[in-house]
Every structure is written in C-alpha cells, then in structure tokens.
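Presented below is the structure to which this report refers.
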Amino acid sequence: MKPKLQDKRWSKDFEKPLYEEWKRKKLYAFNRKSRKPVFSIDTPPPYVNTPVHIGQATTYILMDFFARFKRMTGNEVLFPLGLDRNGLPIEMAAEKRFKVKLTSLPRRKAIALCKRILEESSMASTETFLRSGISFNSWVLGKLTGDVYYTDSPEYRALTQGTFIDMWKAGLIYEDERVCNFCPGCRTTIADAEVEYRNLPSTFNDIVFRCKETGEKIIIGTTRPELVCTCGMVIFNPNDKRYKHLEGKTAITPVFEKEVPIRSHPAAEMEKGTGIMMMCSFGDLTDIRFFREMKLEPVIAIDKSGKMNRNAGILRGLGIEKARQKMIEELKRKKLLVGQKRVSHRTPVCERSKDPIEFISMKEFYVRQIDQKPKMKEMAKKLKFFSPRSRQILIDWINTVSIDWPISRRRYYATEIPLWYCKKCGEPVLPPKGRYYQPWQEKAPIKKCPKCGGGEFRGEERVFDTWFDSSISPLYILMYDKDDDFFRKHSPCTLRPQGKEIIRTWLYYTLLKCYLLTKKSIFRDVWINYHIVDERGHKMSKSVGNVIDPADVIDRFGAEPLRLWAAIEGNLTRTDFRCSFERIEGAGKTLTKLWNVARFISMFQAPEHKPKLMETDTWILHEANKLVEFAGKCYENYDFHNPAVRIKHFLWETFASHYIELVKSRAYNQNNKFSRDEQDAAIYTLNKVLDIIMKLMAPVIPFITYIIYRKLHGKDIHFTEFPVPEKTKKPGFDTDTLLQLNSRIWKKKRGKGLSLKSPIKTITIPQKFRGIEKDFKETHNIQEIKYS
RNA sequence: GGGCCGGUGGUCUAGUUGGUUAGGAUGCAACCCUCACACGGUUGAGAUCGCAGGUUCAAAUCCUGCCCGGCCCACCA
C-alpha cells in the first residue's frame, strides 16, 4: 500500500511554489459582485522603507487567521495591504541617506529626494508578508477595492484633502495662533500625541536674582538659563518660611535686569532646588498653564527656526544650546552663577527626530476635538474590544485630551493643505473635492476672489500631520466618496487590528475623524495586540540591536512553524510574548506529526459512501465534534490561541495515539478479521477526522493543510466550508478512561519487556467498553475479554 | 506621583466566578529504530504558584500591605 503523500515529512521548501501560485492566480482577490456579507479588515499600513519586524509579521499572521477563517465561513473578505509613504519617517530617511537638511533645500528638490528614497526602498516588507502566507486581496498597486494602496498616491491624498474640505465647510477646522509643541529639528509643530519623553542629561544652574526692595540675593535653580529673558514671575511655596518676607516684592533678573513680581504659589515645591523658582514662557507645559492662570503676558524668545529672537537680547540669533552656553558664560562673567550640578532630566522630545521640543507660539490649523470628548467616550464604550481591557487605554487618552488637534505641519513630503489665499484681501479659497492639489506649485482653482474680486492668489505651503492621512484608512478601503453605495452598505468597517501603542494616535484619530465626517462609529470590532519582545523580555529596537527579522525566521524554519507558534505561544491581545527560535522550531514538530498522520491515512482508499460506523468511530467523531464547536466559537471572537492548543493536543494525544492505534488493524484488515463495511468505517472515520483537523487548522497553517487536502481530495481547502457542529452519538464510555486503559496495558507490556503485539490471554475491563470490543481485542491482541 | 497589566518547575505558558494528585509545551535524564512518524514513543526528575499578613473547613485563585518587571499618563525650577 503506497501512501498518496510520498514525501516522508513536511518541508519548508513546499511553501514557495504555493504562495507564488496563490499570488499568480489572485485567489484571494476581493469580489465586489459577491453576495456574501463583507468582512473588512483595516490593516495597519507599515512604512515602506523600514524592514518588517517579527512583531509586525506576527500580527499580520494573526490577521490572516481572521481573514482565512472568515472566508471559510461564508464571508467576502476585504483584506487589503496598504503601505504608508507619507511624512517625517520618509523625510528623516532621505536626510540620513543624502546627508542634507531638507529644510535647507528648495521644496521640489526635497520632494525629489524623498521620492528617490521611496523608489529605492525595496519591496522587502511585502515579500515577507507574501512568504508568511498572508492572504491579502492583492499584491499589486491599484485602484480597485482590495488592491495594494499607497498613502501618498494621488487617490489617497485626494481623499485626505477631500475630508479636509468637508470638515472645513462644516466648521470643524479653524486657524489660531497659540503655543504649540515645536520640534526645532523638524521645524514643525507637532501634536501632543507625537510627544514622548526621554531622560536626558542636563545641568542645573544656581543663578542670582536680586530683590529690588531689600537688595538681597535670591538664588534660583534652573535648567533653562537662556529663558531668563522670558521670566514673568518668581515664585515660592506659600508654606515656605524662608521666603515669606519676599511676598509681593520685586525681583530683578540677572543680565537682563528686568523687574518681575515675587509671589507665593503652590506650584513651587519647597524641597526642589532652592525652593524658589522663576516662571518662564515657555519651558514646558506647566509654564503655559501658569502664564494663563496668572494672566501674565508671555515673552516669546524663540522663533520658528528654533533660534532666539530679539527678545533674547545678547542671545539673539543663537540656537537653544548655544544660547544656553552663552548665557552661562555671561552669568559666570558677572559672577551671578553660584553653583552647577549635572542632573538627568525627563525631557519632552519629538517622537520622530528625538529632538527636545520647544514651546513656540505659531499660527496653525486645528480640528475641534475638545467638543467631541463626550461623544468619543460614548463610542469607545460601544466598540467591541478584543480584549475588553484595552478599551481603557483609549478612554484614558480621551480623558487627557486637553487642546484641539493641530493638523498643519511645515514639512514637505506629506499631503498638502488644499487652500489658496487672495493676495489682496487674504480670503482663503477652497478647491472643489475630487482630485489631488498642490497649492504651492499650482494655480488657484478660481480666477477672481469672491470677496474682493482680486485676481492673484498665494498657495498654502503647509501640509497635514500624517495622522490626518492615516485616520481615513477605513474610509479609503471602503470606497468613501468614490462609491457611495458600497460605502453605505459595508460601513462600518468590521475590524480594526492594531498595536496598543498607537491607540492614542491611529485609533483615536480615526474614530474622531470618521465620526466628524459620518456621524457614526467607523468600526465594529477593535483588536489590540501587545508586543513580541526579545528572548529576555525586552522591547525590540534598532538601537539595542535585538530586532529579529522575520525573513530570517522564515529562511530557517519556514512560515508554517512561525504561524503555528504565533497561535500556540500565547494570547497576544492580553500580554506580550517572547520570541524564541527554539520554540518556533519546536512548533514545526506538530507539522511533521500532522503530515505523518495524513500520510498514514492516505494509504487507504476512502469509501465512496458513508458506511455504518462502529463505536470506536462514533467516539472519535464525538470528540472531534466538540473541537469543532469550541474552535468555531473562539475563532468568532478572534481567539485562535485556545483552540490551536486544544487541536494540537487532540491530534497528538487522542487521535494519533489512541484512535489510530485502535483502528489500525481494522483499516489494514490483513487477515480479513473484519468485514468490508467495518474496514470502510475505520477508513471513512480516519479521513473524516483528519479533514476536520485540517479545516480547523487551515486558517493557521495554510500551506501544509492545502497540500495534504489537495493530494487527498484534489480541492483547495481554503475554499471549503468551515466545519459546523454535527449531532453525534455520545459514546458509552468517557475518553479519559479509555486513554488510561490503553496506556495501562501498553505500560504493563513494556514493563515486562514484551512487544506491544504480544498476546494477552484474558483481561477484565468495565462493561461500558463492550461496544469497542473488536477493535480493543485486535489492538492489544487479547484472546478473551471479561467484563466487570 | 496616578493608572493598567503581569510575576506559576531551568525556560515559556494554561488555570484566577475558591475545592484539580497545579495542566501543557520546551529543555533535562534514562530506555526503546514497535511495519504513519527517532522532527517518534515510553518513563522519570524538576514548582513552598513574587513576599508578608488576613478572610475561609478550604486560597495560585478573594482582601490588605510590600517587592520586582512592563506599558501608559502626569510632573520635575
């Protein structure tokens, strides 16, 4: 008897022809004409120019489980691949690669360099997804539903601009001059969501102020001496007896000799520094609040280029660092610096460039988000979160939102703000929706200003925050503003899968913006993943050098062990998990097991009709059916972990070790001890259970299940129906007792050094096993069975 | 400082509506090439379930405090 599966084991080399075939035949393309319900997945577009990392690959693999499962349960799955090509990361890469500051180049030149970076960025990440067996709708850039899309394509940018135009008209956007987070490195305003904190070394300087009334010295500690020129007040804690007598008096700042009031205020802590502090505009966010609270007039000393301006007197024209040095020298010269101490200072930095941010007053566009906080919270509560506890991260963030969303940026490689201004009266002019505009190099869409009749216009030069682009991904994939019928029918998007670290950005902004535009929640489900960390539990990062490239893992072990590992290792919606090659490799053993079980079964010719089953057969079918029920329920809730663990266990410990052993002789039937029907019943059941296992596992391990199923049935398993629970007869015995009974007999024979085939004269077993007597007798070579 | 999460054999992990000899995987040791599979099988060693209290007939599981790790937020002259 020759098995239909000839190879002795599964090999990772079997994968390549398969994914190439799937890609070539466009098997998973989205069919717009399908009558099936649409299950849409708004996948996170990774940056094209950064290699995929193992955590990212793992999350796409998990999304692929969902997509494949949904396809097998009668859904038309919208699962497009998007690639993010906008914004600072691209510009940073260009600056690094060409060793230039883009801000010092003409705009066209800067954009050209970014384009070159994008051209050079290989399709390495896409290749990794392909090799991982991800069933994206398409692998080619296109305009059809489900095609690969770029966030910098004219279509995508046109939609971004279209949403701006709509929001502008709805009065949701306004321009205002106020203090913003400003990154001197990127030379642009950034949102609170783009700020992160770093511990940076800094120097704490004790400098001398003087009291005008008493002439006494006041020693004040500061890390920002260059801001003395903006000092608006000197404060100490109301309970601080040391300074009580200064209340209401006047301090004279060093070097600048400006008079400022001295007050008590709880913001000053007695234990910190000298207990008395200068309040400047603006060293950090508390300063901003303080100036507002005290109704002080801020002094702006840093300009848009990150340099000190004329308010800084002798420091004028210097960058922050240089200005600080110069100020310290000046203080030293005047003997007004009485102490210095190195400290580590938690500093707000730009999440992209890592430059310390400054607070500078600038005119920017804002999206009204403060008004929406109650609505956002309500939406957050209604969304289905997987796991539910991730909801809190979003709610916490909504609670901390304290200013409107600044959306304009002073950069180049991003979507342009579609506006022109009348040169005569300044009236802003909005173009009609429908195409992509570049106002800085394009003529205004109208000839005459509607307000003053002027004929000359200036194009807006600023661009959008990249989150203003990214926050429309579900609108884009659902053909918003392109095919209203499709959008209406298939919105909300079924699933947003994403990392926990971008809840405050991607998820929040998407919900906000889509709500502002459609007045509805754009998602039904939100699936939040934690992280894959390195073997020691540390976050992977380029600078630490512990990043694992999934391509290497696939080279070594293939995609299937990686995929199975991703399912078995843990529940990524609840906890981080560690990446270990050893364990990924270990997952491969289950593939071998499955392969060999299938290889064994493939030796027999499956019967054409369902034969009458014996009790051993109904028992295993009953067990398999429990698995079907469990898996189906869990998969619906995006839980592949628990079923995968259970299916794997069932495969090894129940099906292979016990059922197969029990019916082996019946399937071979070499001595014709069984009837043809009985033999067929075994073969039928072996095939049936194998099919169930394979279909349950097909979303997880698509390659091996595809090959086996095709060899056995000549069909593509991924286009078969996912098993549904069937009515099965409950066997007269329970599984554990049977397993124990078999094991005890095998153990006893081994203990006596006997072969497992050695005969047993008589044995007494419980009555309930009467139904499987024939198989049981053959398996253990028993001459006589007695029942108790 | 506030919040959230986690701390279970060497390693990773399940179990946390209180009652199991605390399950599995991996690793380790020993034996076995039994005709689907040595990427297999069998057996075995290995856990005071972070620490200290408390509630209870009974605690990995509930309560309190503490320690350690991670993440988020706020703040630091």
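Every chain is numbered from 1 and lettered A, B, ... according to where its sequence line falls, protein lines coming before strand lines.
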How long is the line joining [atom1] of [X] and [atom2] of [N], in whole Å?
X	N	atom1	atom2	value
Trp565(A)	rU13(B)	CH2	P	11 Å
His531(A)	rC5(B)	NE2	P	17 Å
Asn742(A)	rU34(B)	CG	P	21 Å
Asn399(A)	rC4(B)	CG	P	13 Å
Phe600(A)	rC37(B)	CZ	P	10 Å
Tyr508(A)	rC73(B)	OH	P	14 Å
Asp396(A)	rG3(B)	CG	P	11 Å
Leu754(A)	rC32(B)	CG	C1'	14 Å

Base, sugar-phosphate or nothing for [X]? Non-hydrogen atoms, less than 4.0 Å.
X	value
Ser755(A)	nothing
Glu585(A)	nothing
Ala656(A)	base
Arg599(A)	sugar-phosphate
Glu661(A)	base
Tyr530(A)	nothing

Say you pick atom [atom1] in [N] and the same atom in [M]; how far apart are they, in whole Å?
N	M	atom1	value
rC76(B)	rA14(B)	C1'	43 Å
rA60(B)	rU20(B)	C1'	12 Å
rU61(B)	rG19(B)	P	11 Å
rG53(B)	rU16(B)	P	27 Å
rA22(B)	rC33(B)	P	36 Å
rU55(B)	rC73(B)	P	41 Å
rU56(B)	rC67(B)	P	28 Å
rG7(B)	rG50(B)	C1'	6 Å

Parallel, tilted or perpendicular, as decided by the 30° and 60° cut-offs, for the rings of Phe655(A) and Tyr659(A):
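Parallel: the ring planes of Tyr659(A) and Phe655(A) meet at under 30°.
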Is the Tyr509(A) ring parallel, tilted or perpendicular to the Trp405(A) ring (thresholds 30°, 60°)?
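Ring orientation of Tyr509(A) relative to Trp405(A): parallel.
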Counting only Watson-Crick or G-U wobble pairs whose two distances fall under 3.5 Å, which nucleotide matches [N]?
N	answer
rU42(B)	rA30(B)
rC4(B)	rG70(B)
rU17(B)	none
rG65(B)	rC51(B)
rU56(B)	none

5'-most contact on RNA chain B: Val645(A) or Lys757(A), nearest heavy atom basis?
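Mapping each residue to its closest nucleotide by heavy atoms, the 5'-most match is Val645(A).
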Quick check on RNA chain B: between Ile568(A) and Lys664(A), whose nearest nucleotide comes earlier from the 5' end?
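Taking each residue's closest nucleotide, the earlier one in sequence belongs to Ile568(A).
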Geometric cation-pi criterion Arg646(A) and Phe630(A), 6.0 Å radius, 45° cone
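So Arg646(A) does make the cation-pi contact.
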Do [X] and [Y] sit within salt-bridge range, that is, some charged N less than 4.0 Å from a carboxylate O?
X	Y	value
Lys664(A)	Glu661(A)	yes
Arg224(A)	Glu226(A)	yes
Asp617(A)	Arg666(A)	yes
Glu778(A)	Lys757(A)	no

Residues in salt bridge (charged side-chain N to carboxylate O under 4.0 Å, His left out) with Glu560(A), at least two apart?
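Salt bridge (charged side-chain N to carboxylate O under 4.0 Å, His left out) check on Glu560(A) returns nothing, list empty.
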Looking at rA38(B), rA14(B), rC73(B), which one has an atom nearest to any side-chain atom of Lys8(A)?
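The answer is rA38(B), which lies nearest to the side chain.
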Take nucleotides 39-44 of chain B nucleotide by nucleotide from the 5' end and write B, S or -, depending on whether a protein heavy atom sits under 4.0 Å from the base, only from the sugar-phosphate, or from neither.
BSSSS-
Identify, with sequence neighbours excluded, every residue that meets side chain to side chain contact (heavy atoms under 4.5 Å, CB included) alongside Arg599(A).
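By the side chain to side chain contact (heavy atoms under 4.5 Å, CB included) rule, Arg599(A) matches Pro3(A), Leu5(A), Lys8(A), Trp595(A), Asn596(A).
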